[in-house]
There are 2 protein chains.
Amino acid sequence: MTTIHEVAAAAGVSISTVSYALSGKRPVSEKTRRRIEDAATSLGYQPDAGARMLAGRRTNIFALTEPLRADTHAPTHMAFVLATAVAARRRGYDILLLTDEQTAEGMNRVAASNLVDAILVLDVAPDDERVEISRSVRTPTIFIGLPDDQRDLTCVDLDFEAAGHLAVDRLADAGSARILLLGQTEVSYRKSNFPRRLLHGVQERSAERGVELTWTPSGALVTEPAVVRVAIDTALDAGIRAFIVHAANDVHELLLGALAERGLAVGVDVSIVSAAASFDTAMLPTPIDTIPLVPQDSCELAVEIAVQRLEDPHLPAQIHLIPPTYRPAGSVAPARE
Amino acid sequence: MTTIHEVAAAAGVSISTVSYALSGKRPVSEKTRRRIEDAATSLGYQPDAGARMLAGRRTNIFALTEPLRADTHAPTHMAFVLATAVAARRRGYDILLLTDEQTAEGMNRVAASNLVDAILVLDVAPDDERVEISRSVRTPTIFIGLPDDQRDLTCVDLDFEAAGHLAVDRLADAGSARILLLGQTEVSYRKSNFPRRLLHGVQERSAERGVELTWTPSGALVTEPAVVRVAIDTALDAGIRAFIVHAANDVHELLLGALAERGLAVGVDVSIVSAAASFDTAMLPTPIDTIPLVPQDSCELAVEIAVQRLEDPHLPAQIHLIPPTYRPAGSVAPARE
DNA sequence: TTGAAAGCGATACCAA
DNA sequence: TTGGTATCGCTTTCAA
């Protein structure tokens with residue numbers, strides 16, 4: 001194991017100079033810095049993590065709490081975990097996993113033992129128990145998602161309400177007077193916050209623009225695809241030709257299938273907007289206008305905010321809502337109702 | 001922040017006694033131990049992680065490297081990550097995530113900086129680059145899965161060959177003379193090791209028992225379900241009535257659907273064994289005999305071995321193959337070919 | 001059964 | 001621009 005002393009000896013300087021040269025926290029002459037860097041690389045020097053934590057009061061580790069509920073959509077969840085890990089690493093931080101079994105215990109433990117510099121909270125529930133814990137620990141905590149009680153919290157999330165507005169606006173602008181919103185699974189409207197926020201945005205803007213809105217959750221598609229299918233058929237029979245889909249890709253496929261059966265062409269006879277989709281809608285058989293939910297965006301912002309809070313502990317807590325973007329793909333057509 | 005000194009003061013003992021009382025590494029009289037424990041809990045004492053690492057040369061952290069390939073099955077992967085985290089935590093270890101972007105760099109970094117006590121390797125590829133790295137670092141490394149070159153490695157995995165033998169034996173015992181093996185995706189036979197091992201086991205035992213074997217990979221079901229369907233129909237047309245399925249649940253459902261269409265009853269007209277399924281086959285519409293692949297088993301064993309290697313660094317490297325178990329559900333019927 | 005004290009390997013302050 | 005050194009909070013050896 002190479003220590004800072006060996007590097008210092010090899011470079012012919014003191015250990016403090018090595019430390020400063022490598023951290024850049026104090027100017028070091030170009031010459032000596034080179035010698036030090038050469039010595040460090042040739043010796044394969046890597047500062048000892050424990051010593052660094054103890055002396056520097058920085059661990060360069062973030063905790064990531066991820067409760068896995070039964071209704072967790074694995075691919076989406078994985079995308080968030082991965083995006084967080086990548087973003088953190090780019091800023092020089094590693095990710096320590098805190099799973100379900102130990103949410104409360106884990107957060108308290110890593111905070112009390114100074115194991116991590118900050119805590120990132122994934123998959124936030126409306127009445128999340130982690131809210132209270134985050135208030136009781138002094139380790140900065142960033143929520144990726146919004147709980148109901150946001151007082152004094154730092155949160156990052158897509159602006160789902162605005163996404164709802166945007167989706168309705170596009171369809172209303174194209175002349176649609178009636179819209180069917182194909183929502184998330186029923187349970188997610190209770191266990192999560194964002195489906196409600198999107199729903200609310202859609203409802204609000206629909207009312208403002210005089211659009212007649214129908215809404216249906218999509219249920220567990222695997223066990224009962226019929227429910228969604230019936231909702232779609234009913235809407236089509238009633239002459240509804242505009243759809244906002246806030247659901248997994250299988251629901252999209254079901255809708256496209258139903259339309260194909262009836263010979264209705266997307267972007268011609270029918271308009272579709274996929275709202276807050278966390279999967280790649282380009283993989284769908286038909287191109288669809290999308291307001292994407294990009295895990296990378298939320299996670300990168302969360303990491304950035306965490307880093308900022310460490311640099312300036314006086315930064316006020318704040319809710320950061322990421323404005324939605326609209327990615328057209330020709331699936332919205334002028335209404336001919 | 002409560003330190004060991006405050007606990008010592010509160011309990012009226014020296015810090016070394018506190019340390020020993022809490023770690024149990026030296027006998028401490030019942031009386032003083034109680035006083036110390038009381039003081040510790042009432043003060044909310046939690047040893048500083050950095051100090052502990054530095055002084056104790058133990059971090060109580062395991063690194064988990066998880067490369068995410070395009071063909072990674074998210075739910076299965078998540079199950080492994082979760083199982084590892086839970087098993088580790090039970091033994092007092094946290095999990096540090098090492099993602100794709102930094103596989104090589106990450107392993108070297110956490111090893112050189114003494115950030116982790118051991119490295120767990122997930123999703124092992126036949127020619128995995130992590131094999132070489134594990135040989136070059138002195139941090140104990142456990143592979144969950146088998147690479148081609150296993151020299152001097154410690155690995156844990158289900159005995160897929162034995163699972164193949166077991167599946168064939170059950171069907172052959174029931175009198176089946178011809179079997180269709182519905183395999184994993186084509187790419188997985190190149191990118192992973194275990195599909196080949198199961199295939200080999202099935203082929204080997206089929207030859208031994210005089211069973212005529214047909215095999216087909218299942219392809220990417222989302223994009224081209226037709227391929228699998230054709231393979232199934234061809235087999236059924238040829239009179240094959242025994243199936244071994246080594247694939248995700250959608251392939252199982254496809255098979256069950258095809259059988260239902262033809263009015264063939266599972267466990268009566270047709271025999272099915274699901275081999276090395278990493279999902280819960282009880283969720284299928286029809287009960288199916290299963291040789292389960294239980295992530296918990298592999299991950300717990302891996303963690304246990306890691307812990308053992310830390311306790312006794314002289315433990316020899318070894319390949320640990322977990323014997324398969326057979327879970328009957330009435331889907332294997334006496335053949336009436 | 002308990003205590004004193006020497007590290008562990010960095011960081012960062014105080015001097016020069 | 002550089003060096004000496006106190007310090008971080010714990011583990012563990014050596015003594016008593």
Side-chain angles (χ1 to χ4, degrees), chain A residues 1-37 39-40 43-61 92 109-117 310-311, chain B residues 1-37 39-40 43-61 92 109-117 310-311:
Chain A
M1 239 209 45
T2 314
T3 73
I4 197 173
H5 285 96
E6 312 182 43
V7 177
V13 295
S14 71
I15 64 163
S16 54
T17 302
V18 173
S19 178
Y20 285 122
L22 262 28
S23 72
K25 291 189 182 174
R26 189 168 85 172
V28 170
S29 79
E30 194 49 35
K31 260 193 308 190
T32 50
R33 128 165 295 134
R34 287 196 76 86
R35 260 187 304 139
I36 291 172
E37 278 167 358
L43 289 174
Y45 171 67
Q46 200 71 244
D48 180 86
R52 205 173 208 187
M53 290 186 200
L54 183 55
R57 284 117 188 300
R58 275 296 173 76
T59 70
N60 282 293
I61 300 175
R109 183 171 49 81
V110 298
S113 65
N114 301 311
L115 220 195
V116 305
D117 293 332
L310 291 174
E311 284 165 359
Chain B
M1 238 207 47
T2 314
T3 73
I4 198 174
H5 284 96
E6 313 182 41
V7 177
V13 294
S14 72
I15 63 163
S16 56
T17 302
V18 174
S19 178
Y20 285 121
L22 263 27
S23 73
K25 291 189 181 173
R26 190 168 84 171
V28 171
S29 80
E30 195 48 35
K31 260 194 307 190
T32 50
R33 126 166 298 134
R34 287 196 76 85
R35 259 188 302 139
I36 290 171
E37 278 168 358
L43 290 174
Y45 172 67
Q46 199 71 245
D48 180 87
R52 202 170 212 191
M53 291 187 199
L54 183 55
R57 283 115 189 302
R58 275 293 172 79
T59 71
N60 283 293
I61 299 175
R109 182 170 51 79
V110 298
S113 64
N114 300 311
L115 220 194
V116 305
D117 294 332
L310 292 173
E311 284 167 358

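To find a chain, count down the sequence lines: A is the first, B the second, and so on, and within it residues start at 1.
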Any chance you could list the contact pattern along nucleotides 6-13 of chain C? Use B for base contacts, S for sugar-phosphate-only contacts and - for none, protein heavy atoms under 4.0 Å, 5' to 3'. -BBBBBBB
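The shortest distance between side-chain heavy atoms of B/Met53 and A/Leu115 falls below 4.5 Å. Side-chain contact between A/Glu6 and A/Thr3: present, with at least one pair of heavy atoms (C-beta onward) separated by less than 4.5 Å.
In this structure, B/Leu22 atom CG and D/dC10 atom C1' are separated by 12 Å, rounded to whole Å. In this entry the distance linking CZ of A/Arg35 with C1' of D/dT1 reads 12 Å, nearest Å. For A/Arg58 and D/dC8, the CZ to P distance is 18 Å, given to the nearest whole Å.
Residue A/Arg26 qualifies as enclosed at atom CZ: its count of foreign heavy atoms under 6.0 Å is above 12.
Atom-to-atom distance recorded for A/Tyr45:OH and A/Ile36:CD1 is 11.0 Å, nearest 0.5 angstrom.
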Intermediate values then yes/no, side-chain contact (heavy atoms from CB on, under 4.5 Å), B/Val7 and B/Thr2: CA-CA 8 Å; B/Val7 177; B/Thr2 314; 4.2 Å; yes
